[in-house]
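Chain letters run A, B, ... following the sequence lines, proteins first, then strands; residues in each count from 1.
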There are 2 protein chains.
Amino acid sequence: MTRKSKPAAHDRHQRAEPATTTVLTQVRELIVTGAIAPGARLAAEKIATDLGVSRTPVRSALAVLTAEGLVSHSMNRGYTVKDIGFRDVLDAIDARAVLEAKACGLSVDYGWSVEELSTLRSHVERGRAIVDAGRWSEELEREWYGANRAFHSLVIRASRNTIIRSAIRMTLIHPIFGDIARISPVVSQYVPRRLRAIPDAPPDHIVESQQDHEAVAAAIEQDDAVLAEKLMLDHTLKGKKRLISVATRR
Amino acid sequence: MTRKSKPAAHDRHQRAEPATTTVLTQVRELIVTGAIAPGARLAAEKIATDLGVSRTPVRSALAVLTAEGLVSHSMNRGYTVKDIGFRDVLDAIDARAVLEAKACGLSVDYGWSVEELSTLRSHVERGRAIVDAGRWSEELEREWYGANRAFHSLVIRASRNTIIRSAIRMTLIHPIFGDIARISPVVSQYVPRRLRAIPDAPPDHIVESQQDHEAVAAAIEQDDAVLAEKLMLDHTLKGKKRLISVATRR
DNA sequence: GGAGAGACGATTGGATGCAATTATGCCTTT
DNA sequence: AAAGGCATAATTGCATCCAATCGTCTCTCC
């Protein structure tokens, strides 16, 4: 017995991460992806056994999710998944619009490093390549949304404003925007099924978004904070308008 | 024994509110008011005995505070109060500026009820009366800040945007803004002591803020959403500029 | 037959107990 | 005497346990 018995003794209290954190991300994922339906009760016992922990970390995680606004809580009656209505989605878009626009403007005020700028360019070019590929598919769409998300996170990070970053992450803003209308079921429930089909060419709104990204990137490269902020604001609000027009067209 | 034995039986499990919620607000208050210094460790056992509960609700509350960004957490090493720097305060002001400005614009878009408008007027007039009182005191200043807070909350509520509301409440934005520079020690630590003295007449920044409120209220009454949004944005950013000029003047 | 009261079961919120990890102090060693 | 190592103490994180509350079902009474 010369070896330390550290590596994997009991496996029970042997976590790299607190169980509360694990449960938190897991349950949040289940809610955001719609695996747990809105309005459903969140029985602590069931979640605990499902995830292989006791109720204590589950209850902690649910408290956090309540603060985040994803679930609601009634004294002695447990937790339920909040039902996110169309109005909430629009509200979240408005909130994100101003936060992200400001982040964009601040990033220019702060100044972009050459590395950041080149990363930004690569994200934009990746999106352009996908749009210009001459074809379209679920795979390409997923990829474009990947570039989209990378573009937006980079801008938000470049603002160096951690408060805005966590404000965007917080509340419903982040979950809802997983990737507008397609990935996030919270949003896609408001989009008619036929509009969710995969066409042969990139849909108009993606072409338009790609152009928006390029315009924003250009404004950033030209150090025009005011323009960059305005372009980013318009970009997000276009998404809101599109969602409204699409949702009412049933 | 004809009376119901409901009112106050054991007092132990007889809460109108979960202990987690109580602990949450209590500890948050302690942190925001500076009663617990930044960087201090938050020993669960001590907090529990101090507040007369067990460690379980305390741990839940600390998890929420971590999500809110007020405390940081290290695995197996407990929780510590996050040290909020000047940069964080400025970041929070930027975030709040755009959120509250948007809320203001949205409130006009949505439309104000006559009751809301009259409440708004009364808050503005209360502030005006205090500023015009011809004297000044700690008491008057507290009152003016009360009217200030009422004014801002009303505008935010009138936006009908619950996401923006909780975004403002969340992260550090709300605590920091308890009442700029005076009430909140998080901010006032950056303000030289001599500037915190109580003068005989209302200080310039309060007179200016009062004027701003009146201008915003006027724009709201005239249904000018764009103007109201811009005025509110400028109002908050003025506070940021003032804080910067005051903090660097040591 | 319907309404209300009461009881049972299920589930919650909180307190306590236990294993593991980290911090602290003392001792040894060079 | 300083540095390192070891043991002890303190504290964390989680599981378990218990009392209180809520929901539901049944039984009774009108």
For atom [atom1] of [X] and atom [atom2] of [N], their distance in whole Å:
| X | N | atom1 | atom2 | result |
| --- | --- | --- | --- | --- |
| A:R59 | D:dG13 | CZ | C1' | 15 Å |
| A:K46 | C:dT12 | NZ | P | 13 Å |
| B:I47 | D:dT12 | CD1 | C1' | 13 Å |
| B:N76 | C:dT21 | CG | C1' | 5 Å |
| B:L42 | D:dA10 | CG | P | 20 Å |
| A:L24 | D:dG13 | CG | C1' | 16 Å |
| A:E45 | D:dA15 | CD | P | 11 Å |

What nucleotide among [options] has an atom nearest to a side-chain atom of [X]?
| X | options | answer |
| --- | --- | --- |
| B:A44 | D:dT12, D:dC22, D:dG13 | D:dT12 |
| A:T56 | D:dT16, C:dG13, C:dT12 | D:dT16 |
| A:R77 | D:dC22, D:dT12, D:dC14 | D:dC22 |
| B:S54 | C:dG13, C:dT16, D:dG13 | C:dT16 |
| A:P57 | C:dA23, D:dA15, D:dT12 | D:dA15 |

Under 4.0 Å from OP1 or OP2 of [N]: is there any side-chain N or O of [X] that close?
| X | N | answer |
| --- | --- | --- |
| B:T20 | C:dG13 | no |
| A:H73 | C:dG13 | yes |
| B:R41 | C:dA23 | no |

One thing to verify: whether A:E116 and A:R160 come together as a salt bridge, which I'm taking to mean a side-chain N less than 4.0 angstrom from a carboxylate O.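 A salt bridge links A:R160 with A:E116.
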
*Between the base of D:dG13 and the side chain of B:R55, is there a donor-acceptor distance below 3.5 Å?*
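Yes, the side chain and the base share a sub-3.5 Å donor-acceptor pair.
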
Point to revise | Sub-6.0 Å ring centroid separation between A:H152 and A:H235 | key: yes

**Prompt:** Is any side-chain heavy atom of A:T80 less than 4.5 Å from a side-chain heavy atom of A:V71?
**Reply:** no

Closest heavy-atom pair, B:L99 versus B:A167, reported as atoms and distance to 0.1 Å, is CD1-CB, 4.0 Å

**Prompt:** Counting distance only, does the side-chain N/O of A:D94 pair as donor-acceptor with the main-chain N or O of A:D91 below 3.5 Å?
**Reply:** no

